[in-house]
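Okay, so here's the structure we're looking at.
Note: hydrogens, waters and symmetry copies are ignored here, and every other heavy atom, side chains too, is used. Chain letters run A, B, ... following the sequence lines, proteins first, then strands; residues in each count from 1.
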Amino acid sequence: MKESKKEILFILLHLIPLGKVTTYKALARILKTSPRVVGRMLKLNNKPVIIPCHRVVRTSGDIGGYTLSGKENREFKLKLLKLEDVELSGDKVGSENIIYLDEVLLGSSR
DNA sequence: ATTTGCTCAGCTC
DNA sequence: GAGCTGAGCAAAT
């Protein structure tokens, strides 16, 4: 039985260094799926505690939705990121704090 | 800057 | 099994 993309996604989130964030697109590329699917997994996840979904941001640098239990907690996500040493430019994340996992795992040079 | 279209895996019927 | 939903992305306007 192959692991669901969900399972893989959660693992990838744990690979994100503290103080850094990832983009949905990067995760999607690794999982070989579309960015929307990635975002949906996070909200469909069973255990939000073990899942650092707040480390995932949009390509534009926006923090994304972050809906908990059907309730959007964008401010909570921002707060968590600040605690993680992530430099927030207003409601966005500094590009320097964004690490593209697809470049790291798949290799930037190809 | 805002709007529209596309993608596609999980959930519901 | 078929249809709907949606935590995004990209292009067009």
Who pairs with [X] by side-chain contact (heavy atoms from CB on, under 4.5 Å), at least two apart in sequence or on another chain?
{"X": "A:L80", "result": "A:H54, A:Y66, A:F76"}
{"X": "A:R58", "result": "A:Y24, A:D62"}
{"X": "A:V57", "result": "A:V21, A:T23, A:V93, A:I98"}
{"X": "A:L83", "result": "none"}

A:L9 and A:I51: side chain to side chain contact (heavy atoms under 4.5 Å, CB included), yes or no, with the steps? CA-CA 9 Å; A:L9 175 59; A:I51 302 166; over 6 Å; no

Given that both pair distances must be under 3.5 Å and the pair must be Watson-Crick or G-U, what runs of three or more consecutive pairs involve DNA chain B? B:1-6 with C:8-13, B:8-13 with C:1-6

Out of curiosity, does A:L105 fall in the hydrophobic cluster containing A:V37 (side-chain heavy atoms, cut-off under 4.5 Å, transitive links)? yes

Would you say A:I16 ends up clustered with A:I8 if hydrophobic residues are merged whenever their side chains have heavy atoms under 4.5 Å apart, either directly or through other cluster members? yes

Taking the side chain as everything from C-beta on, heavy atoms only, tell me whether A:T22 gets closer than 4.5 Å to A:I99. yes

How many whole angstroms separate atom [atom1] of [X] from atom [atom2] of [N]?
{"X": "A:E7", "N": "B:dG10", "atom1": "CD", "atom2": "C1'", "value": "13 Å"}
{"X": "A:K77", "N": "C:dG8", "atom1": "NZ", "atom2": "C1'", "value": "11 Å"}
{"X": "A:L27", "N": "C:dG8", "atom1": "CG", "atom2": "P", "value": "13 Å"}
{"X": "A:Y100", "N": "C:dG8", "atom1": "OH", "atom2": "C1'", "value": "13 Å"}
{"X": "A:M41", "N": "C:dT5", "atom1": "CE", "atom2": "C1'", "value": "14 Å"}

Candidate pair A:T67 and A:N73, rule side chain to side chain contact (heavy atoms under 4.5 Å, CB included), full reasoning: CA-CA 6 Å; A:T67 309; A:N73 297 269; over 6 Å; no

Between N or O atoms, less than 3.5 Å apart, protein on one side and nucleotides 1-8 of chain B on the other: list the pairs.
| unit_1 | atom_1 | unit_2 | atom_2 | d |
| --- | --- | --- | --- | --- |
| B:dT7 | O4 | A:R36 | NH1 | 3.4 |
| B:dC8 | O4' | A:S34 | OG | 3.3 |

Spatial distance of atom CD (A:E75) from atom CD1 (A:I63) [nearest 0.5 Å]: 9.5 Å

How long is the straight-line distance from CG of A:L88 back to NZ of A:K77, given to the nearest 0.5 Å? 10.5 Å

Side chain to side chain contact (heavy atoms under 4.5 Å, CB included) assessment of A:K20 paired with A:V86: CA-CA 6 Å; A:K20 302 255 174 123; A:V86 178; over 6 Å; no

Applying side-chain hydrogen bond (donor to acceptor under 3.5 Å, both in side chains), which residue pairs with at least one partner in residues 83-101 of chain A are found, sequence neighbours left out? A:R55-A:E84

Using a strict heavy-atom distance below 4.0 Å, which residues from residues 10-18 of chain A are in contact with DNA chain C? none

Would you tabulate the nitrogen or oxygen pairs shorter than 3.5 Å linking the protein to nucleotides 10-12 of chain C?
| unit_1 | atom_1 | unit_2 | atom_2 | d |
| --- | --- | --- | --- | --- |
| C:dA10 | OP1 | A:K25 | NZ | 2.3 |

